[in-house]
Trainee: 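There's a structure below that I have some questions on.
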Protein chains: 2
Amino acid sequence: MGRPATFSRDTLQHAALALVDRGGLSALSMRSLAAELETGAMTLYNHVADREDLDLLVVDAVLGEVRVPPAARYSWKREVTAIATAVWRAVRAHPNVIPLILTRRTRSPASLAIAESLLAALARSGRTRRELLIAFRAITAFVMGFAQAEMAGPLSMGQGEQAIDMAAQVRALPPDRYPHLTVMAAEATKSQPELEFRSCLRALLDGLSGTKR
Amino acid sequence: MGRPATFSRDTLQHAALALVDRGGLSALSMRSLAAELETGAMTLYNHVADREDLDLLVVDAVLGEVRVPPAARYSWKREVTAIATAVWRAVRAHPNVIPLILTRRTRSPASLAIAESLLAALARSGRTRRELLIAFRAITAFVMGFAQAEMAGPLSMGQGEQAIDMAAQVRALPPDRYPHLTVMAAEATKSQPELEFRSCLRALLDGLSGTKR
DNA sequence: ACCTGAACACCGTTCAAGT
DNA sequence: ACCTGAACACCGTTCAAGT
């Protein structure tokens, strides 16, 4: 009933992201977001089609933080590395949003810009279309999968308390049944996600630049 | 009130998977599953801790379908390829479950067995622990990420009607803003997920067997 | 011990009404 | 035209009671 307090879609978007960052996905609902914005739940529908649309807005807020580096400075490998790393860091900066990022299909300008710049960088390596598609698939799969693994994989990453707890659990499994896994859980205790990401990505790029068949 | 109809956790698990396979994730709720089993919702809590536990059961039903091949038949690369492909195929056979698989951390025997056998295969290539961890991370990230991309990536896979629609949408973007993406959307029309998965995985394995630094 | 209906505290969204 | 409260059809889960 007429508080003029009409807010922009942009403030809604960032309020939603802030809620998820702070309290996890369960902290975001039409009602909780409306309360945050000091309005009624139904008012949100003036800015957003439905809950799914709100989720996409949150995903896009994260992807919008990706700073795609200016093109073609060094080798194509370095450029691809810069883009992939930028995406991974932005995603990783919002761990609570990762389930949304993994499961929502975005077609926003931010997400298309990332895809386009990655393709442009890869195209500099001289490939047929088919090879370019393969390279694009491999890299995007790896980046998203690496973020996924940090959230849900069997071998914990990083040195947080939670990661160390997880490692301890896996290390405590019967070593005769899981000889490698238990050893690797110990190794994962020294995990440095940034370095591991770089090493994995380098291996992938090496493989993608090898002889074509 | 004593229909004796006590059912096993196993039938509950497969009924839940069947509901998701048939009707998507939204078709599975405590109430819908109970109805399927011709009982009341609260009866489920005799077999399952909570909804999260039910989700894990569904994830595990899929991972339980992975047939890990017998070890050490050919080269380590072929063995790793066999395992990765088996996982990917099982996941892909249940597309509606993918969001759950990506976001739930399982520690079930099925999931641990997969991880252990993948590590065992990789260990045959002769690596330090640190290199083994890197290789494991790269491959699991890739497999999960590839499944994720088929569900939510910008370039559609396969020749289904839906995939073709999606490709058409991306192809219809302004080509001066998205020169590579629009071309690749056309290329993706010929997409053969199985072949692309193999090509990407081969590149990754090539990279992982290259010179260490 | 195992089972289960009623009730509670949430959801997203429709609808009809406000200005 | 924009806003919004009440109400509806769902959720997962607590609680108390059945056998």
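The chains referred to below are lettered A, B, ... by the order of the sequence lines, with proteins before strands, and numbering in each begins at 1.
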Trainee: Rounded to the nearest angstrom, tell me the gap between atom CZ in A:Phe7 and atom P in D:dC2.
Mentor: 14 Å

Trainee: Residues of residues 43-59 of chain A with any non-hydrogen atom less than 4.0 angstrom from an atom of DNA chain D: list those, numerically ordered, please.
Mentor: A:Thr43, A:Asn46

Trainee: Separation of A:Met42 atom CE from C:dG12 atom C1', in whole Å?
Mentor: 9 Å

Trainee: Any side-chain N or O of B:Thr39 below 4.0 angstrom from OP1/OP2 of C:dT4?
Mentor: yes

Trainee: Can we call the ring centroids of B:Phe146 and B:Phe197 under 6.0 Å apart?
Mentor: yes

Trainee: Paired stems touching DNA chain C, three or more consecutive Watson-Crick or G-U pairs with both distances under 3.5 Å?
Mentor: C:4-8 with D:12-16, C:12-16 with D:4-8

Trainee: Taking the six-membered ring for Trp, are B:His180 and A:Phe136 ring centroids under 6.0 Å apart?
Mentor: no

Trainee: So that I can tick it off, tell me whether B:Arg137 and A:Glu196 are bridged by a salt bridge, with the cut-off set at under 4.0 angstrom between side-chain N and carboxylate O.
Mentor: yes

Trainee: May I ask you to decide if B:Ala121's main-chain N or O and B:Glu79's side chain share a donor-acceptor pair within less than 3.5 Å?
Mentor: no

Trainee: For the side chain of A:His47 and the backbone of A:Asp10, is there at least one donor-acceptor N/O pair under 3.5 Å apart?
Mentor: no

Trainee: Does anything in residues 21-34 of chain A reach DNA chain C, meaning a heavy atom under 4.0 Å, and if so which residues?
Mentor: A:Ser29, A:Met30, A:Arg31

Trainee: Quick test of your reading: applying salt bridge (charged side-chain N to carboxylate O under 4.0 Å, His left out), list the pairs with at least one residue in residues 89-109 of chain A, sequence neighbours left out, ordered by first then second residue.
Mentor: A:Glu52-A:Arg104, A:Asp55-A:Arg104, A:Arg89-A:Glu194, A:Arg92-A:Glu150

Trainee: Can you name the residues that form a salt bridge (Lys or Arg N to Asp or Glu O under 4.0 Å) with B:Arg31, not counting sequence neighbours?
Mentor: none

Trainee: Heavy-atom contacts under 4.0 Å between residues 8-17 of chain A and DNA chain D, which residues?
Mentor: none

